[in-house]
Amino acid sequence: MIRVLFLLLTGVIGIAFGQKAGQSSGNYSSDTKILATGQQLFENYCSSCHNFSQRSIGPGLHQATTESPKVWLKKFIRNAPAMISSGDARATRLFGEYKQMMPPFPSLADDQVDAILAYIHKNQKVVTAQQASADIAIKDPIPAKIPQTGGQLFLQYHSTAPATGSTAPLARINKMQVLTGDQERLFVVDLQGVLYEITDKTWHIALDIRPLRTHFTTSPGLGTGLGSFAFHPDFSENGLLYTSHAEKVHSVRGDLGFADSIKVGLQWVLTEWKIDNSSKLPFTGKSREVLRIDLLTIAHGVQEITFNPLVRKSHDDYGLLYIGIGDGGSAEKKGFYPLCSNNKVPSGSVLRIDPLGRTSRNQQYGIPSTNPFAFEKDPTVLKEIYCRGFRNPNRIIWTPDGKMLIDDIGQSNIEEVNLGIVGADYGWPEREGTFRVDPRGDINKVFAVSTTESDKKYTNPILQYDHDEGRAISGGFVYDGQTIPALKGKYVFSDITNGRVFMTENRDLLVGKLAPIQELDLWVDNERTTFQKLNGTAKPDSRLGIGPGGELYFFTKADGKLYKVIGFQPK
């Protein structure tokens, strides 16, 4: 309740009144008893979401009372719906801005509102015009260029996926996974709705969900479609396969989402498929819906579902499914950034669930007891959250030495890789990489993080580059195969938009530091080239995968071609 209240009381209100920074807008008590009462009320109702030094779940309150008239604030707190209905210009403008209507608060007595405002006013920060003008956006966040000193990476054409489109992208191949067992089997998913198994160089349909899901959609692109897939680690015994796909909004409300007053733009569905005979293609069997997620727009959905492939059955992470969920475009849609900045909605999070359990709200999956909010008493907090603060976490992988890596596609400035830590907050939409973002203003700009801000709230990335180098990171892998010893221990990744290939050392991927990046020269079929040149397009849509034997593969969504890495020559 109070979070929504102060969301509306800060930020744009001061601008609406045209007041100067530091100008008091009402008479507030300085009586110590009243301030003590106000502090107690603030701690009870407000402190979980707000503070006076920086933005938290809600806005920082360091200028709330100096920017807004007291008489108006009290009326708005007392009955915001009445003010909106009456046509009050400021109230109407705020409702249009934030798409939320704060209910009346008859339980808060007049002196209690005064006490809260007095306490907030006591903690105001006076900002001079000189200080305000010093907060200038950074035009070039990382001036140093990535050196082309990584060496030469040699690729060999493997095969081409069946076309599912008439124009580029011809085949929207998006993820590769090996099914382990008595014999390793290679699978690749096409966002258009088809899961393939590749034997030798032939692509066979393993699962086509298009005729099976009435509301399935791949329009208008932007990652919609059959986003990801994952075989249960006990697949050889239980035959369970999981997929995530996008659906047009219809009559079914999501299991995880937001208030009914907010219009849903797209839904993502997690499905469990019980395969009858895994050796027979296409797969047949029964399916059940595990989880349905509401998102605000069609952008930044569920691009990754995966199990930790390194743990044994005795480990508490065994058989737990990780689900990477983007912010659903919330930060880009004016007034909706709070949807991706708290632990009560799934947007911008990595979830972790037990697909075989039944302790969730919809009783279709379980909540792992090791999740950070597993024993949270607040019923509105999502116990499924493992970590959060992402814009578009499109790949999650584990390195051979056990590190969990989550890459995050940035807005307009920074691409990043994060070390997955349970309970961590990586900052979006308040942070992009190691830089500050203002989601209440222009999110296409970044600023330096103030030296007075605490570093404990947000976890910084372990690798980042800016948009001088590329505009959308494609998650990579640490090579652990046997055929290219010189490449062992290198984390290789790419940029989706220009196809450049980069690497860093796995040993440099450590929390608290930024790993150095080098660019690799690309050789395909004995010719030095680039993915951009090979595709003849401005966006090759390059991806990486690990195939049988731990060997590294590249594929380009623009033309559906698959390449195997066959050699590496360091400089």
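Since this is a predicted model, take the numbers as computed values, not measurements.
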Which residue pairs satisfy the ring-ring contact (aromatic ring centres under 6.0 Å, His included) criterion with at least one member in residues 408-444, sequence neighbours excluded? F390-Y426
Report yes if the side chains of P540 and N498 come closer than 4.5 Å at any heavy-atom pair, otherwise no. no
Find out whether R436 and R431 are in side-chain contact, i.e. whether some heavy atom of one side chain is under 4.5 Å from a heavy atom of the other. yes
So which atom in I409 and which in I473 form the shortest heavy-atom distance, rounded to 0.1 Å? CG1-O, 3.6 Å
Measure from the side-chain N and O atoms of E384 to the backbone N and O of L351, and report whether any donor-acceptor pair falls under 3.5 Å. no
Quick one: does T434's side chain get under 4.5 Å of V449's, heavy atoms only? no
Donor-acceptor contact below 3.5 Å, side chain S474 vs main chain S542: yes
Shortest non-hydrogen contact from K248 toward H250: O-ND1, 2.9 Å
Within the distance-only criterion (no hydrogens, no angle test), does the side chain of R172 pair as donor or acceptor with the backbone N or O of T224 below 3.5 angstrom? yes
For F502, all residues meeting ring-ring contact (aromatic ring centres under 6.0 Å, His included), sequence neighbours excluded: Y465, F493
Does some side-chain heavy atom of V269 sit less than 4.5 Å from a side-chain heavy atom of I293? no
Assess the residue pair V417 and Y491 against the criterion (side-chain contact (heavy atoms from CB on, under 4.5 Å)); give the C-alpha distance rounded to whole Å, side-chain angles, the decisive distance to 0.1 Å, and a yes or no. CA-CA 11 Å; V417 175; Y491 176 67; 3.8 Å; yes
Does the side chain of T297 reach to within under 4.5 Å of the side chain of L266, using non-hydrogen atoms? no
Side-chain donor-acceptor pair under 3.5 Å between Q303 and N174, yes or no? yes
Please determine, by modelled atom types, if E469 and H467 share a side-chain donor-acceptor pair under 3.5 angstrom. no
Atom pair CD1 (I396) and OH (Y322), whose distance is rounded to the nearest 0.5 Å: 8.5 Å
Side-chain donor/acceptor of D495 to backbone N/O of A472, under 3.5 Å: yes
Is K122 close enough and on-axis enough to Y28, meaning under 6.0 Å and within 45°, for cation-pi? no
So I353 and I323, do their side chains get closer than 4.5 Å, heavy atoms only? yes
Gap between atom OG of S494 and atom CD of E519 - 0.5 Å precision: 9.5 Å
Heavy-atom nearest pair, I325 first then V302, reads CG1-CG2, 4.1 Å
With the side chain counted from C-beta on, respond yes when L463 and T504 share a heavy-atom pair under 4.5 Å apart, and no when they do not. yes
Determine whether a donor-acceptor pair (N or O, by modelled atom type, separation under 3.5 Å) exists between the side chain of N371 and the backbone of I367. no
Is the backbone N or O of R292 less than 3.5 Å from a side-chain atom of D255, with the two atoms forming a donor-acceptor pair by type? yes
Salt bridge (charged side-chain N to carboxylate O under 4.0 Å, His left out) partners of R352, counting only residues at least two apart: D317
Check the side chains of N444 and Q411 for a donor-acceptor pair under 3.5 angstrom, ignoring hydrogens and angles. yes
For S228 and I305, indicate whether the former's side chain and the latter's backbone hold a donor-acceptor pair under 3.5 Å. yes
Should the pair E304-K175 be classified as a salt bridge under the 4.0 Å nitrogen-to-oxygen rule? yes
Identify, with sequence neighbours excluded, every residue that meets salt bridge (charged side-chain N to carboxylate O under 4.0 Å, His left out) alongside K445. none
Quick one: does S85's side chain have a donor or acceptor within less than 3.5 Å of a partner on A82's backbone? no
Measure from the side-chain N and O atoms of Q112 to the backbone N and O of A109, and report whether any donor-acceptor pair falls under 3.5 Å. yes
Do Q148 and Q518 come close enough that some side-chain heavy atom pair is under 4.5 Å? no
Taking all heavy atoms of K263 and all of F258, pick out the closest pair and write down the distance. O-CE1, 4.4 Å
Distance-only, no hydrogens or angles: does the S29 side chain make a donor-acceptor pair with backbone N or O of D31 under 3.5 Å? yes
Specify the closest pair of heavy atoms between I414 and Q464, including all atoms of both residues, with the distance to one decimal. CG2-OE1, 3.7 Å
Sorted by chain and residue number, the side-chain contact (heavy atoms from CB on, under 4.5 Å) partners of S30 (sequence neighbours excluded) come out as none
Mind checking what makes salt bridge (charged side-chain N to carboxylate O under 4.0 Å, His left out) contact with R78, not counting sequence neighbours? D110
Check E332 against H300 and note the closest heavy-atom contact, atom names and distance. OE2-CE1, 2.9 Å
